[in-house]
Protein chains: 2
Amino acid sequence: MSGRDDLPRRDVDDAGGKPTLRTIAEITGLAVTTVSRALSGAPQIALETRQRVRQVADHIGYMPDRAAQRLRTGRTNVISLILDPHEEIINFGTSLIRGISTALRQTPYHLVITPSFEDAPNLDPVRYIMRNRMADGIIFSRTQPFDERVRLLLENDFPFVSHGRTELSVPHPYVDYDNEEFAFQATMKLIAAGRTKPAIILPPERFTFHHHLRYGFMKAVRMQGVDYEVLSGVSLDSSAETIHARILARLDEASPPDGYVCGGEVSALAVMAAYTDRAMVPGRDVGIVAKKTSTLFTPVRPRIDTIEEDLAAAGEAMGRLLLKRIGGAAAEDLQELHRPQMETADATAA
Amino acid sequence: MSGRDDLPRRDVDDAGGKPTLRTIAEITGLAVTTVSRALSGAPQIALETRQRVRQVADHIGYMPDRAAQRLRTGRTNVISLILDPHEEIINFGTSLIRGISTALRQTPYHLVITPSFEDAPNLDPVRYIMRNRMADGIIFSRTQPFDERVRLLLENDFPFVSHGRTELSVPHPYVDYDNEEFAFQATMKLIAAGRTKPAIILPPERFTFHHHLRYGFMKAVRMQGVDYEVLSGVSLDSSAETIHARILARLDEASPPDGYVCGGEVSALAVMAAYTDRAMVPGRDVGIVAKKTSTLFTPVRPRIDTIEEDLAAAGEAMGRLLLKRIGGAAAEDLQELHRPQMETADATAA
DNA sequence: CTCCAAGCTTGTATCGTTATAAATCCTCAC
DNA sequence: GTGAGGATTTATAACGATACAAGCTTGGAG
């Protein structure tokens with residue numbers, strides 16, 4: 001009854017289409033399965049066969065189809081970076097991205113940007129990625145002490161690396177900059193330069209690095225027994241205009257600070273602008289130590305002291321650690337704390 | 001001989017796994033095919049059925065599997081942004097990314113970053129994406145007059161949008177900033193403020209916007225009949241240090257310029273730094289008009305004139321146009337030229 | 001001469017979706 | 001009552017890769 005005469009499913013020489021395992025199978029005369037196993041380096045396949053298959057594959061420029069692999073294995077070969085709206089400031093995002101890309105180079109992993117449109121870190125992107133298996137691992141920043149994202153990811157044993165630490169008891173992979181050390185060194189620098197009332201502008205309290213910066217700052221002022229101030233009313237997330245206005249206002253109140261520790265370039269510029277507008281010279285009439293995350297500050301005048309945070313290095317580390325985590329490494333071994341690198345503007349050192 | 005008794009391939013209630021078409025089919029009692037067709041809104045499926053299927057799908061939170069869709073249809077639902085090493089400067093990359101993400105919001109498209117590690121625009125990322133169908137469309141920048149990437153993409157009829165125009169005769173989708181108008185306005189501004197010898201720092205000659213900036217600049221100086229200079233030895237890609245050194249050197253040579261048109265924040269800061277280092281005041285002793293692509297400049301002192309380029313808007317436009325292109329729109333209708341937005345530092349206007 | 005094990009290779013089913021072609025179901029006219 | 005014909009729905013076969021179980025060789029022992 002069946003008139004099927006077993007016709008080939010495609011043209012014999014497979015003209016035009018991109019090479020698949022089937023192409024290699026036809027060339028070598030092996031079965032598709034064998035080719036697959038051979039390319040994955042399975043020891044059950046004869047060494048000679050493995051080499052031959054590899055050679056043919058390279059010759060015709062075979063690249064496995066990601067969609068097919070993903071469908072079959074469930075692995076996506078994708079790393080997702082959750083990009084916060086605030087990360088637009090300066091080159092935070094791009095440096096991180098370049099670092100991650102570097103770590104992912106020569107691996108089958110691709111980097112997908114998952115934007116967050118919310119103002120505060122929220123769970124939706126994480127839920128979306130986990131539920132629909134959109135990636136094998138997640139990277140995010142602006143970490144909070146009891147971060148819900150970390151909690152959720154840990155609960156589901158989903159690989160991730162956070163930029164910043166938490167205070168949760170379960171260890172998890174992270175890459176962080178030693179903001180406590182940064183604030184400590186920056187404050188000591190101000191005091192060493194003769195400032196008697198250093199101030200600090202902190203990020204919003206919900207972030208872990210708010211506390212690290214505060215500890216480092218407090219450690220220094222306590223140690224040196226000087227007056228101090230945590231600038232109220234603004235944060236590192238405030239706009240330059242807001243910070244600028246706040247600094248000006250503070251100058252009109254009683255006993256203003258004579259030094260500032262700035263956790264970002266924008267806030268440092270805002271402080272400089274405020275003093276400049278009052279005909280005071282940053283570096284002379286007020287001490288400023290800023291965190292430098294880009295080459296931006298090099299040409300800024302007057303020169304101020306900076307301490308560097310290398311975001312590309314952070315990104316590269318996060319990518320590297322995440323790949324290890326996906327590979328099954330233990331979270332305890334995947335934690336990196338990057339040290340500040342001093343850079344003195346001129347001979348201000350004590 | 002066959003003892004197959006047609007056992008079900010999975011447990012009946014499909015516990016735990018994420019919902020697929022099959023899940024919906026079981027719930028509704030329809031065939032998988034019908035569910036697929038219903039969700040895609042095919043008119044052949046009864047309206048009542050379509051509604052019921054949609055309702056069930058929403059109820060159980062069904063999301064189509066991207067890998068399966070991609071494998072079956074060949075469409076990836078991915079947009080690839082080729083990120084150049086130079087785009088790390090300031091927030092170029094991140095603003096663009098945010099803009100593209102905004103355009104892709106509420107669509108099935110994801111954004112994948114394909115880094116380029118080469119110094120000059122090169123073809124490898126484009127070839128890789130086309131050959132392996134890694135994306136449905138490509139976005140890139142730093143476009144050249146006879147851009148090889150554009151040529152290759154046009155040849156293969158592969159959807160893309162370039163940031164910047166070419167001089168190729170075949171029309172293609174682009175989003176560009178009117179750099180000619182920017183340079184013209186900037187230069188006119190300098191002349192109106194009494195400068196007699198404006199200079200301009202240009203990007204490397206291979207880029208299209210080098211020529212646009214030059215035209216605009218030349219148009220203004222010719223029109224006003226003033227002396228002028230195209231600063232040699234450096235480009236907008238030069239480091240801040242290099243530009244800084246060059247400006248200083250130029251100050252020691254004969255008849256230095258008394259005004260600068262700067263196509264980027266970094267070069268503007270470098271120029272300011274050089275004059276400041278010679279105890280001259282930017283804005284008073286030298287005119288500077290800079291392109292502003294971020295909020296960075298707001299707090300910079302002394303204030304200088306800026307003209308804005310909105311990169312997030314450019315990214316959003318590129319995403320939007322690319323989706324239309326993928327949808328089959330004609331290239332001629334997918335070209336946008338964004339106008340500069342003036343912003344005066346103070347009452348410098350003529 | 002048979003049989004077994006080791007070594008290597010292959011067939012089959014499957015991941016979730018959709019294009020294609022075919023099968024139902026209904027309604028209505030004659 | 002029967003067939004035409006439109007309206008719906010369904011079965012089947014892919015897309016390309018891989019897990020699993022089974023199948024071939026081959027050489028050597030008994």
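Just so you know, these numbers use all the heavy atoms, side chains as well, and skip hydrogens, waters and symmetry mates. So that the names make sense, note that chain A is the first sequence line, chain B the second, and so on, each numbered from 1.
Taken residue by residue, residues 32-53 of chain B places heavy atoms nearer than 4.0 Å to DNA chain C at B:Val32, B:Thr33, B:Ser36. Residues from residues 59-76 of chain B that place a heavy atom under 4.0 Å from any atom of DNA chain C, listed by number: B:Tyr62, B:Pro64, B:Asp65, B:Ala68, B:Gln69, B:Arg72, B:Thr73.
The cationic group of A:Arg105 lies under 6.0 Å from the six-membered ring centre of B:Phe117 and within 45° of the ring axis, placing it in a cation-pi geometry. Taking the ring axis of A:Tyr62 as reference, the NZ or CZ atom of A:Arg54 does not stay both within 45° of it and closer than 6.0 Å to the ring centre.
Among residues two or more places apart in sequence or in another chain, the ring pair (Phe, Tyr, Trp, His ring centres under 6.0 Å) test is passed with A:His172 by A:Phe160.
Contact annotation: the side chain of B:Leu323 approaches that of B:Tyr109 to within less than 4.5 Å [non-hydrogen atoms, C-beta and beyond]. In this structure, the side chains of A:Phe140 and A:Leu81 stay at 4.5 Å or more apart for every pair of heavy atoms.
Atom pair B:Lys18:NZ and C:dC15:P shows a separation of 12 Å (rounding to whole Å applied). Going from atom CG of B:Asn77 over to atom P of C:dT17 covers 13 Å, rounded to whole Å. Between the CG atom of B:Leu30 and the C1' atom of D:dT9 there is a distance of 8 Å, given to the nearest Å. Between A:Arg22 atom CZ and D:dA14 atom P there is a gap of 10 Å when expressed in whole angstrom units.
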Test log, rule side chain to side chain contact (heavy atoms under 4.5 Å, CB included), inputs A:Leu153 and A:Val126: CA-CA 8 Å; A:Leu153 287 161; A:Val126 173; 3.7 Å; yes
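Of the charged side-chain nitrogens involved, at least one lies within less than 4.0 Å of a carboxylate oxygen, so that B:Lys18 and B:Asp65 count as a salt-bridged pair. Note on B:Glu336 versus B:Arg320: salt bridge recorded, some NZ/NE/NH1/NH2 to OD/OE distance being below 4.0 Å.
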Going by atom type alone, with no hydrogens or angles, which donor-acceptor pairs under 3.5 Å involve a side-chain atom of residues 324-332 of chain A and a protein atom two or more places apart or on another chain?
from	atom 1	to	atom 2	distance (Å)
A:Arg325	NH1	A:Ala329	O	3.0
A:Arg325	NH2	A:Asp157	OD1	3.4

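Taken over five-pair windows at either terminus, the axes of the helix from C:dC1-D:dG30 to C:dC30-D:dG1 are inclined to one another by 90° (rounded to 10 degrees).
Counting only residues at least two apart or in different chains, salt bridge (Lys or Arg N to Asp or Glu O under 4.0 Å) contacts with residues 127-137 of chain A comprise A:Asp124-A:Arg127, A:Arg133-A:Asp136.
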